[in-house]
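Some notes on the structure that comes next.
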2 protein chains.
Amino acid sequence: MIDSTSAERRHPTILDVASQAGVSKSTVSNVVRGLPGVSESTRRRVRTAIDELGYRPNVLARQLVQRRTSILGVVVGDLANPFFAEMAKSVERHAAARGYTAMFCNTEGDSESELAGVETLLQHRVAGIVFLAFSGDPRTMQEVLHHQVPVVFVSCGAEWGDVVSVDDERGGRIGTMHLIDSGHRRVAYLSIPELEDESDRARWEGYRQAMKGAGAGAPMRISWSPPSDQARIDGSERTLLEVFAGRGRVTAVFASNDVAAIALQEFADRVGIRVPEDVSIVGFDDVPMAGLARIALTTVAQPRDELARLGIADVADRIERKVKGPPRTTLVDVSLVTRRSTAPLQADLA
Amino acid sequence: MIDSTSAERRHPTILDVASQAGVSKSTVSNVVRGLPGVSESTRRRVRTAIDELGYRPNVLARQLVQRRTSILGVVVGDLANPFFAEMAKSVERHAAARGYTAMFCNTEGDSESELAGVETLLQHRVAGIVFLAFSGDPRTMQEVLHHQVPVVFVSCGAEWGDVVSVDDERGGRIGTMHLIDSGHRRVAYLSIPELEDESDRARWEGYRQAMKGAGAGAPMRISWSPPSDQARIDGSERTLLEVFAGRGRVTAVFASNDVAAIALQEFADRVGIRVPEDVSIVGFDDVPMAGLARIALTTVAQPRDELARLGIADVADRIERKVKGPPRTTLVDVSLVTRRSTAPLQADLA
DNA sequence: ATGAAAGCGCTAACAG
DNA sequence: CTGTTAGCGCTTTCAT
């Protein structure tokens with residue numbers, strides 16, 4: 001009797017339910033898990049006991065004995081970036097739909113906190129990891145590989161895990177081609193520090209190819225940390241104003257993502273450079289904001305929900321051993337969305 | 001010997017480390033937890049064994065025996081809403097700083113998935129729950145209360161848990177007063193379905209008071225689901241165009257959050273209603289987007305990071321029993337940020 | 001159809 | 001200072 005009152009404050013355990021229903025642990029367990037081979041009457045008695053006690057299985061204990069969890073680790077670059085926010089939301093929903101719980105860690109783009117985050121996920125024995133951004137840090141790879149946990153890179157990449165993404169190179173190409181087709185020749189590539197990973201490289205490559213194939217000007221890379229007035233242009237520090245208003249100025253920009261593109265548009269507004277009259281801008285991602293009439297950003301759209309769905313399906317299949325073997329790559333389509341941030345090159349600028 | 005090789009595929013356990021270092025389980029445990037009373041030499045030997053084996057403590061096992069986890073459940077209204085995204089990010093960071101891991105669940109604003117999410121969190125035996133949005137569903141309350149897990153409502157509210165938020169009523173008042181002081185009299189309150197919770201009610205109350213105190217027109221509530229052309233006005237369906245361009249039209253709007261405000265601005269742009277010339281708009285939250293030159297939304301700013309920090313400190317204190325007793329409420333300051341979406345009432349509209 | 005027993009990997013007294 | 005011994009709450013054979 002003394003013992004049986006212990007269920008009052010603490011969470012009731014399977015044992016409490018068992019004694020309440022007058023059966024054994026295992027029977028309760030069988031009922032909870034919905035296994036067959038339990039008579040209807042006992043099943044009912046157990047159910048009642050569960051309700052009366054407000055019993056809720058302890059996932060921790062279950063997962064300890066099963067030696068695997070149903071938690072999915074999700075590594076996010078920057079939750080405040082609308083692209084990641086949307087992805088995170090989709091990932092969470094699809095994970096839940098397949099019976100997994102998402103555990104996010106935000107890395108702020110730096111590989112130190114990325115490593116720390118992955119470390120934490122691993123200690124929690126996550127069943128798999130979804131990278132929504134990956135710095136490329138080899139230590140992270142080491143850790144993950146050593147623990148043999150299924151990994152998928154969604155909208156980012158590495159060779160040592162499954163990848164689900166758009167064809168970033170093609171995205172870079174069609175975005176740049178749109179500019180070139182509009183008559184632009186001095187087209188720059190813009191990136192902000194947070195996202196200089198594998199997919200950034202692929203987008204740059206697409207940009208480079210498009211520039212080369214069209215016999216346009218030499219490729220030019222702008223690495224900018226908004227809202228600074230300066231940036232590194234092909235490695236050397238210069239003012240943005242010089243780039244967009246000086247002689248031999250850039251007339252169009254392909255940005256590696258929408259946040260960068262919008263930041264640039266903001267800069268242009270601030271210093272009186274007109275978009276698209278003075279400079280055309282193309283982004284990447286098609287975040288919701290890009291569609292606002294006041295922003296109207298031409299951009300390369302990624303099918304976010306599709307990416308999330310396929311990514312989750314991928315890790316889940318690995319976890320559930322429905323798929324084995326070497327890393328797979330799944331590519332989905334990108335498409336250009338034309339809005340008002342781009343326009344044909346003005347005659348006097350040719 | 002057969003047994004000792006078992007560490008190869010599976011995760012090495014504390015026992016593997018123990019035998020490798022030639023000590024007992026507990027000694028390893030003591031080293032891992034950094035307890036004093038372990039000689040420097042054994043400590044070193046254990047450390048070496050840990051590195052060699054790549055041992056990583058199983059948090060699950062630890063938490064099972066300690067009967068508490070270091071996971072914090074975070075209930076988010078809509079991760080795709082920039083306000084929540086920013087909050088989520090801050091919450092994650094502050095949680096990590098205090099040694100907790102965040103487990104998010106997105107509720108899409110509906111109480112059904114909110115309940116399911118909380119259920120999952122509870123099964124994972126989270127140490128505490130942070131609500132970034134709360135529907136008010138009594139079943140959720142039931143569940144949480146019954147499990148006696150510390151709860152904090154950040155930027156939202158309920159009477160049965162700690163609250164950390166801005167003074168929403170005051171926010172509603174100063175936002176509305178700004179409009180009234182600019183000469184507006186027919187000021188409406190705008191809300192979108194996702195956020196009609198306790199803080200929405202408080203903001204509405206602040207709005208109502210301001211309207212009444214100033215002898216302005218009767219309060220008017222617009223419930224709108226963007227991007228529809230219609231909305232419920234004080235309970236009856238009407239077209240938005242009628243509201244903003246018909247006779248006795250509304251000349252200013254106080255929106256319960258920035259997302260709603262921006263959606264309205266977007267609608268206005270689409271149908272040719274000028275902001276602020278034809279209608280002034282005030283938002284709530286001051287999301288990053290609101291600060292863009294092209295959006296320039298006047299809004300009531302919430303100190304997001306401060307809210308997150310205090311909220312985490314609050315649950316953490318409860319969890320760690322540094323604070324006991326009845327629910328506490330912590331209020332932090334709101335402030336009005338004036339931008340270009342508001343202007344004095346045009347003479348011909350008075 | 002049900003129960004008994006042996007762990008999962010770890011912490012927490014308590015001995016030595 | 002270090003080792004021994006119980007569990008934490010559950011799943012999972014294996015008997016009955």
Side-chain angles (χ1 to χ4, degrees), chain A residues 3-4 6-7 9-47 49-50 53-70 122-127 147, chain B residues 3-4 6-7 9-47 49-50 53-70 122-127 147:
Chain A
D3 259 333
S4 70
S6 70
R9 281 201 73 82
R10 303 245 149 262
H11 291 161
T13 77
I14 201 171
L15 222 89
D16 297 315
V17 178
S19 71
Q20 169 94 344
V23 297
S24 76
K25 272 178 13 159
S26 345
T27 303
V28 177
S29 178
N30 290 338
V31 171
V32 170
R33 287 177 301 158
L35 295 188
V38 179
S39 75
E40 209 30 66
S41 67
T42 35
R43 194 181 293 275
R44 226 188 332 266
R45 257 185 313 136
V46 171
R47 287 255 161 74
I50 288 179
L53 265 43
Y55 169 75
R56 204 155 303 290
N58 185 329
V59 178
L60 256 56
R62 167 183 302 165
Q63 296 180 337
L64 178 59
V65 54
Q66 288 181 157
R67 286 132 144 258
R68 61 161 282 236
T69 67
S70 56
L122 254 17
Q123 291 195 171
H124 280 276
R125 297 295 187 268
V126 292
H147 281 259
Chain B
D3 257 333
S4 71
S6 69
R9 284 201 70 82
R10 304 241 152 263
H11 290 161
T13 77
I14 201 170
L15 223 87
D16 297 315
V17 177
S19 71
Q20 169 93 344
V23 295
S24 76
K25 269 176 24 157
S26 351
T27 303
V28 177
S29 178
N30 289 337
V31 171
V32 169
R33 289 179 296 159
L35 294 189
V38 179
S39 76
E40 207 32 64
S41 66
T42 34
R43 192 180 293 275
R44 228 190 327 271
R45 256 184 315 137
V46 172
R47 287 254 162 74
I50 288 179
L53 266 42
Y55 168 75
R56 205 154 303 290
N58 185 329
V59 177
L60 256 56
R62 168 183 301 164
Q63 295 179 338
L64 177 59
V65 53
Q66 287 180 159
R67 288 132 143 254
R68 60 162 281 237
T69 67
S70 55
L122 254 18
Q123 290 195 171
H124 280 278
R125 297 295 189 267
V126 293
H147 282 260

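Convention: sequence-line order gives letters A, B, ...; per-chain numbering from 1. Quick caveat: nothing in here was measured; it's all calculated off a predicted structure.
The distance between atom CG of L15(A) and atom P of dA5(C), rounded to the nearest whole Å, is 13 Å. Rounding to whole angstrom units, CD1 of residue I50(B) and C1' of dG9(C) are separated by 14 Å. If you measure from atom CZ of R33(B) to atom C1' of dA12(C), you get 7 Å, rounded to the nearest angstrom. In this entry the distance linking CG of L64(A) with C1' of dT12(D) reads 14 Å, nearest Å. When the P atom of dA12(C) is taken as reference, atom CD1 of I14(B) falls 11 Å away, rounded to whole Å. The distance from atom CG of L60(A) to atom C1' of dC8(D) is 10 Å, rounded to the nearest whole Å. To the nearest angstrom, C1' of dG9(C) lies 7 Å from OH of Y55(B). For the pair H124(A) NE2 and dC10(C) C1', the computed distance is 15 Å after rounding to whole Å.
Distance OG1/T27(B) to CG/N30(B): 6.0 Å, rounded to 0.5 Å.
At dT11(D), one or more side-chain N or O atoms of S29(A) fall inside 4.0 Å of OP1 or OP2 (strictly under the cut-off). Look at R67(A) and you'll find a side-chain N or O under 4.0 angstrom from OP1 or OP2 of dG9(C). Contact check, R43(B) against dC1(D): no side-chain N or O comes under 4.0 Å of OP1 or OP2. Residue S24(A) places at least one side-chain N or O closer than 4.0 Å to OP1 or OP2 of dG3(C).
Among the atoms of the strands shown, only primed sugar atoms or phosphate atoms (P, OP1, OP2) are found under 4.0 Å from some heavy atom of V23(A). Among the heavy atoms of the strands lying under 4.0 Å from T27(B) are primed sugar atoms or P, OP1, OP2 only; no base atom is included.
Side-chain N or O atoms of R67(A) include none that pairs as donor or acceptor with a backbone N or O of L64(A) at under 3.5 Å. Using a distance-only test at 3.5 Å, with no hydrogens or angles considered, no donor-acceptor pair links the side chain of T69(B) to the main chain of Q63(B).
No side-chain heavy atom of R125(A) sits less than 4.5 Å from a side-chain heavy atom of V59(B). Within the 4.5 Å cutoff, no side-chain heavy atoms of Q123(B) are placed close to those of R62(A). Side-chain atoms of I50(B) and V32(B), non-hydrogen and from C-beta on, do get closer than 4.5 Å to each other.
S26(A) contributes a side-chain N or O that forms a donor-acceptor pair with the base of dA4(C) under 3.5 Å. Residue side chain K25(B) reaches the base of dT11(C) through a donor-acceptor N/O pair under 3.5 Å, judged by distance alone.
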**OP:** Go through the steps for H11(A) and N58(A) under the test side chain to side chain contact (heavy atoms under 4.5 Å, CB included), then give the verdict.
**Re:** CA-CA 9 Å; H11(A) 291 161; N58(A) 185 329; 6.0 Å; no

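The side chain of Q66(B) sits closest to dA12(C) out of dG9(D), dC10(C), dA12(C).
Interface residues of residues 34-42 of chain B facing DNA chain C, ordered by number: none; criterion, heavy-atom separation under 4.0 Å.
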